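Just so you know, residue 1 is the first one in the sequence shown, and it goes up from there. These values consider heavy atoms only, across backbone and side chains, with no hydrogens, waters or symmetry-generated copies. Bear in mind the structure is a predicted one, so any value in this text is a computation, not a measurement.
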Amino acid sequence: MSDSIPNLGGGSRIYAVFGDPVAQVQTPTLINPLFAARSLDLYAVPFHVTRENFEATWRVFAAMDNVAGIGVTVPHKIAAARLCDELTPAAEAVGAVNSIQRRSDGSMYGALFDGLGFVRGLAANRSRLAGASVMLVGAGGAGRAIAHALCGEQIGRLSVIDLDEDALQFTIGMVNREMGGPVAQRGSGDLAGIDVLINATPIGLKSADAFPVDLRDLNSEMLVADIAALSRDTELLKLARARGAATSDGRDMLEAQIALIAGFAAGGEAGTPL
């Protein structure tokens, strides 16, 4: 990285990335080359921030003029949303953020790019969402963000599966409010009539047996996305490809999301990639 990222100077700006743990976070490695390619004197730097020290650390970084913003990962997405002065519609609806832009007046503007990153990562397959019957497995943070983004794609129906009843009901209610009608419902695990299957959980990394959906009806007409697949294919994606289905993995979502985060960190409007 030494040939693309020069030494920091007095005029450099920092995009801090908070996590607990933080050693596994890929944002600095992925985003710094984007800054360098635009000749921006801006650098993403990871910081190990615990739950106990999160708010105090936030206050310190929010007070520094050479901080361009803060990126947050587990377990800080909800806590950060509560500390922001303003939120994007997606962040407000879901109640979480993953990127915060520090404005010139010191106010903190929070955004959530998980959902938008997911739909943009679908590339040409994004057009298949309009009017589609979608099954979403997972109503956690990423699942909720994806569900919110799906509303903007004008899907026809959303079936949601999650063992956490509160998370399930939150996601169903959020989607139905956004769509202005009963579009979302509890999923049964039956793929009959489903056009798009999305896995937003770690389930299936080791085996497809634990996946809470009957995959016998998975076919070549479907789009199957699994955001858990980063370094390798999950069993779900292997099966989908064997059946001839269109697929998308976590790398598609991550690449699209990193471009959005980079644009926001550089001071652009939320949703504008760098």
Listed pairs under 3.5 Å, donor-acceptor, residues 66-75 side chains, sequence neighbours left out:
none

List in chain and number order the residues that pass side-chain contact (heavy atoms from CB on, under 4.5 Å) with [X], two or more places apart in sequence or in another chain; answer none if no residue qualifies.
X: Ala184; result: Leu158, Ile172, Val175, Asn176
X: Arg59; result: Glu55, Leu83
X: Gln257; result: Asn98, Phe113, Asp114, Met253, Ile261
X: Val60; result: Met64

Should [X] and [Y] count as side-chain neighbours, where that means a heavy-atom distance under 4.5 Å?
X: Val213; Y: Leu191; answer: yes
X: Asp233; Y: Arg241; answer: yes
X: Arg120; Y: Leu116; answer: yes
X: Ile100; Y: Trp58; answer: yes
X: Leu274; Y: Ile258; answer: no
X: Asp65; Y: Arg13; answer: no

Taking all atoms of both residues into account, what is the closest heavy-atom pair of [X] and [Y], and its distance?
X: Ile194; Y: Ser159; value: CD1-OG, 4.4 Å
X: Phe35; Y: Ala265; value: CZ-CB, 4.0 Å
X: Ala262; Y: Leu34; value: CB-CD1, 3.9 Å
X: Pro202; Y: Ala228; value: CA-CB, 4.2 Å
X: Pro46; Y: Val22; value: CB-CG2, 4.0 Å
X: Asn219; Y: Asp217; value: ND2-O, 3.0 Å

For [X], side-chain hydrogen bond (donor to acceptor under 3.5 Å, both in side chains) partners two or more places apart:
X: Ser107; result: Asp105
X: Arg51; result: none
X: Thr57; result: none

Subject >> Between Asp226 and Thr234, a side-chain donor and acceptor under 3.5 Å >> reply: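 Yes.
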Original post:
Which pairs pass salt bridge (charged side-chain N to carboxylate O under 4.0 Å, His left out) with one or both residues in residues 177-197, sequence neighbours excluded?
Top reply: Glu165-Arg186
Subject >> More than 12 heavy atoms of other groups within 6.0 Å of Glu92 CD >> reply: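 Open.
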Determine, using the 4.5 Å side-chain heavy-atom cutoff (strictly less than), whether [X] and [Y] are members of one ILVMFWY cluster.
X: Leu168; Y: Ile198; value: yes
X: Leu254; Y: Leu122; value: yes
X: Leu236; Y: Leu223; value: no
X: Val25; Y: Phe54; value: no
X: Ile14; Y: Val97; value: yes

Starting at [atom1] of [X], measure out to [atom2] of [Y] and round the result to the nearest 0.5 Å.
X: Cys84; Y: Gln101; atom1: SG; atom2: CD; answer: 11.0 Å
X: Leu215; Y: Leu197; atom1: CG; atom2: CG; answer: 7.0 Å
X: Ser248; Y: Leu237; atom1: OG; atom2: CG; answer: 8.0 Å
X: His48; Y: Phe18; atom1: NE2; atom2: CZ; answer: 12.0 Å
X: Leu87; Y: Tyr109; atom1: CG; atom2: OH; answer: 8.5 Å
X: Thr171; Y: Asp164; atom1: OG1; atom2: CG; answer: 9.0 Å

Quick one: does [X]'s side chain have a donor or acceptor within less than 3.5 Å of a partner on [Y]'s backbone?
X: Asp249; Y: Asp252; value: yes
X: Asp214; Y: Gly189; value: no
X: Asn32; Y: Pro28; value: yes

Subject >> Worked verdict on Asp41 versus Ser12 for side-chain hydrogen bond (donor to acceptor under 3.5 Å, both in side chains) >> reply: CA-CA 5 Å; Asp41 195 8; Ser12 301; 2.8 Å; yes
Subject >> Partners passing salt bridge (Lys or Arg N to Asp or Glu O under 4.0 Å) against Glu86 (at least two apart in sequence or in another chain) >> reply: Arg103
**OP:** Kindly write out the residues that satisfy salt bridge (Lys or Arg N to Asp or Glu O under 4.0 Å) with Asp85, not counting sequence neighbours, or none if the list is empty.
**Re:** none
Using residues 127-151 as the side-chain source, report each donor-acceptor pair under 3.5 Å to any protein atom, sequence neighbours left out, with the distance given to one decimal.
| unit_1 | atom_1 | unit_2 | atom_2 | d |
| --- | --- | --- | --- | --- |
| Ser127 | OG | Ala124 | O | 3.0 |
| Arg128 | NH2 | Glu221 | O | 2.8 |
| Ser133 | OG | Arg157 | NE | 3.3 |
| Ser133 | OG | Arg157 | NH2 | 2.7 |
| Ser133 | OG | Gly193 | O | 3.4 |
| Arg144 | NE | Ala139 | O | 3.1 |

**OP:** Begin from the C-alpha positions of Arg243 and Ser220 and carry the test side-chain hydrogen bond (donor to acceptor under 3.5 Å, both in side chains) through to its verdict.
**Re:** CA-CA 6 Å; Arg243 300 269 180 91; Ser220 61; over 6 Å; no
Original post:
Checking side-chain hydrogen bond (donor to acceptor under 3.5 Å, both in side chains) for the pair Ser99/Tyr15: CA distance, chi angles, key distance, verdict?
Top reply: CA-CA 10 Å; Ser99 185; Tyr15 181 71; 2.8 Å; yes
Subject >> Worked verdict on Phe47 versus Val17 for side chain to side chain contact (heavy atoms under 4.5 Å, CB included) >> reply: CA-CA 6 Å; Phe47 294 88; Val17 181; 6.0 Å; no
